[in-house]
Amino acid sequence: MILRRDNRKKHQWEVALIATLAIGAFVLLYPPARLAFTGLVYRTAPGIWETGKSISSAWTSLRSTFHLKVSLLHENEVLHSEVERMQALVLDRNLLEERVLKLEEMLGRTVGDDRVAAEVLAVPGWSPYDTLVLDVGTDNGIAIGDRVVYAGRMVVGEIVEVYSSSAKAKLYSSSGEERTVVIGAQAVPGTAHGRGMGNFEVMVPQGSAVAIGDEVRTPEGSFILGVVGVVEEKIAEPTTRVLFRSPWNIAQMRSVEVVLGKR
Amino acid sequence: MQKNRIAFSVLFFGAVFFAPWWLLVLLALVGTFWFSRYHEVVVAGVFYDLLYGGVGYGAFGLGGIIGLVSSVLLLLLIERVKQEIRT
């Protein structure tokens with residue numbers, strides 16, 4: 001009798017599990033359902049993240065009052081992160097100088113873009129998805145396809161989902177992502193493949209003018225994707241493997257800008 | 001036991017927002033070992049995919065269902081291990 005009851009319970013659990021799996025698969029794999037449920041989740045998620053941030057910073061302030069050493073360590077981390085951001089800005093300024101020279105050649109044509117500042121609510125590194133969650137959405141004029149940049153001209157990714165007051169951006173370095181780029185002063189073209197968390201790989205023809213430290217930019221030259229870190233040349237092969245990455249720690253991004261596309 | 005299960009589930013779902021993925025895996029392991037037939041881990045996996053994933057992207061070509069697939073596999077594996085330990 002007890003064995004039959006146990007078997008019945010086990011059977012009920014198996015049925016419940018299969019039902020949960022089927023519903024989960026439908027919600028995740030059927031795009032309209034996924035979009036609808038994600039929209040529901042994103043009605044409350046930004047508020048929860050922002051509450052978490054407030055609690056975290058209040059806790060940090062309280063702790064630093066009583067633990068000076070810990071406070072100094074935290075300050076050191078903040079300064080380190082700021083130095084990385086400044087290094088990225090220096091790269092941006094180099095690119096800006098180049099563009100200004102080109103513009104001066106064209107006798108005063110001006111180029112600009114509209115941007116919206118956004119706070120990062122969730123960063124990659126917390127998930128294997130390489131996505132950023134931002135605190136701006138359609139209410140701020142954001143749309144799918146808008147680029148996300150950091151420190152001026154460092155492009156990070158683009159918006160893939162947008163809700164009224166939040167948006168999800170996919171990093172260009174996500175595994176499986178491909179992007180046409182140009183490398184260095186000679187603008188060597190190539191297709192960059194994402195390797196996750198700000199890392200990319202690109203194959204260029206053997207003998208290309210590519211060196212460690214070269215900037216990797218978008219084809220129109222407006223944005224920087226990263227800096228070459230490794231160049232693997234094998235004499236017997238027709239191509240050279242180039243590894244480049246974002247010159248800052250993606251997991252420590254706290255604020256970015258969204259470049260509004262032309263409407 | 002029911003109160004413990006509810007409290008742990010609240011903590012687990014909260015961790016989906018703030019904890020790195022490896023900590024979530026640890027919590028999922030703890031939950032499935034500690035409680036009997038902890039199907040809440042599958043619901044958390046779906047929730048995780050909705051929060052951070054999307055259609056058509058994700059590592060290893062899993063297309064945004066990493067949370068669902070991992071949670072189901074973890075649950076089945078741990079339940080099997082628990083069964084083996086009991087017998």
Side-chain angles (χ1 to χ4, degrees), chain A residues 9-10 12-14 16-21 23-42 44-53 55-56 121-133 160-161 168-171 174-177 194-196 251, chain B residues 9-11 13-28 32 35-80 82-83 86-87:
Chain A
K9 266 189 170 175
K10 189 181 171 196
Q12 280 172 352
W13 178 74
E14 282 168 359
L17 182 64
I18 290 168
T20 309
L21 180 60
I23 294 167
F26 171 74
V27 164
L28 293 176
L29 295 173
Y30 183 51
R34 183 162 193 150
L35 214 58
F37 277 91
T38 310
L40 276 173
V41 165
Y42 270 77
T44 51
I48 294 173
W49 275 313
E50 292 195 16
T51 305
K53 274 190 170 182
I55 293 171
S56 173
L121 297 175
V123 295
W126 283 8
S127 82
Y129 281 119
D130 262 12
T131 52
L132 287 177
V133 181
V160 288
E161 287 177 27
K168 200 184 290 178
K170 190 176 178 188
L171 297 191
S174 291
S175 189
E177 280 289 298
R195 288 287 173 265
Chain B
S9 297
V10 169
L11 174 75
F13 276 83
V16 169
F17 285 93
F18 301 109
W21 65 270
W22 52 265
L23 184 57
L24 289 175
V25 171
L26 274 172
L27 287 171
T32 43
F35 303 110
S36 168
R37 293 160 186 163
Y38 191 58
H39 53 265
E40 287 90 324
V41 70
V42 178
V43 179
V46 173
F47 189 63
Y48 183 86
D49 287 332
L50 288 174
L51 212 51
Y52 297 113
V55 173
Y57 59 93
F60 317 117
L62 284 175
I65 57 170
I66 294 172
L68 173 65
V69 170
S70 333
S71 58
V72 168
L73 289 175
L74 188 87
L75 180 63
L76 292 174
L77 178 70
I78 300 300
E79 285 298 317
R80 180 79 184 150
K82 278 157 65 175
Q83 206 172 21
R86 272 188 227 119
T87 52

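The chains referred to below are lettered A, B, ... by the order of the sequence lines, with proteins before strands, and numbering in each begins at 1.
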Measure from the side-chain N and O atoms of A/Tyr42 to the backbone N and O of B/Leu51, and report whether any donor-acceptor pair falls under 3.5 Å.
yes

Chain A contact via B/Leu23 - side chain, backbone, both or neither, heavy atoms under 4.5 Å
neither

Nearest atoms (heavy-atom pairs only) where A/Trp13 meets B/Arg37:
NE1-CB, 2.9 Å

If you define the side chain from C-beta out and look only at heavy atoms, does anything of B/Asp49 sit under 4.5 Å from A/Tyr129?
yes

Just by modelled atom types, is the B/Gly53 backbone N or O under 3.5 Å from a matching donor or acceptor in the A/Thr131 side chain?
no

Part of A/Ala25 lying under 4.5 Å from any heavy atom of chain B
both

Relative to each other, are the rings of B/Phe17 and A/Trp49 parallel, tilted or perpendicular (30° and 60° limits)?
perpendicular

How long is the gap from OG1 on A/Thr38 to CZ on B/Phe47, to the nearest 0.5 Å?
10.5 Å

Okay, A/Ile48 and chain B: the region with an atom under 4.5 Å from a heavy atom over there is both

Could you state the interatomic distance from CD (B/Glu40) to OG1 (A/Thr20), rounded to the nearest 0.5 Å?
9.5 Å

Under a 4.5 Å cut-off applied to non-hydrogen side-chain atoms, are B/Leu50 and A/Leu40 in contact?
no

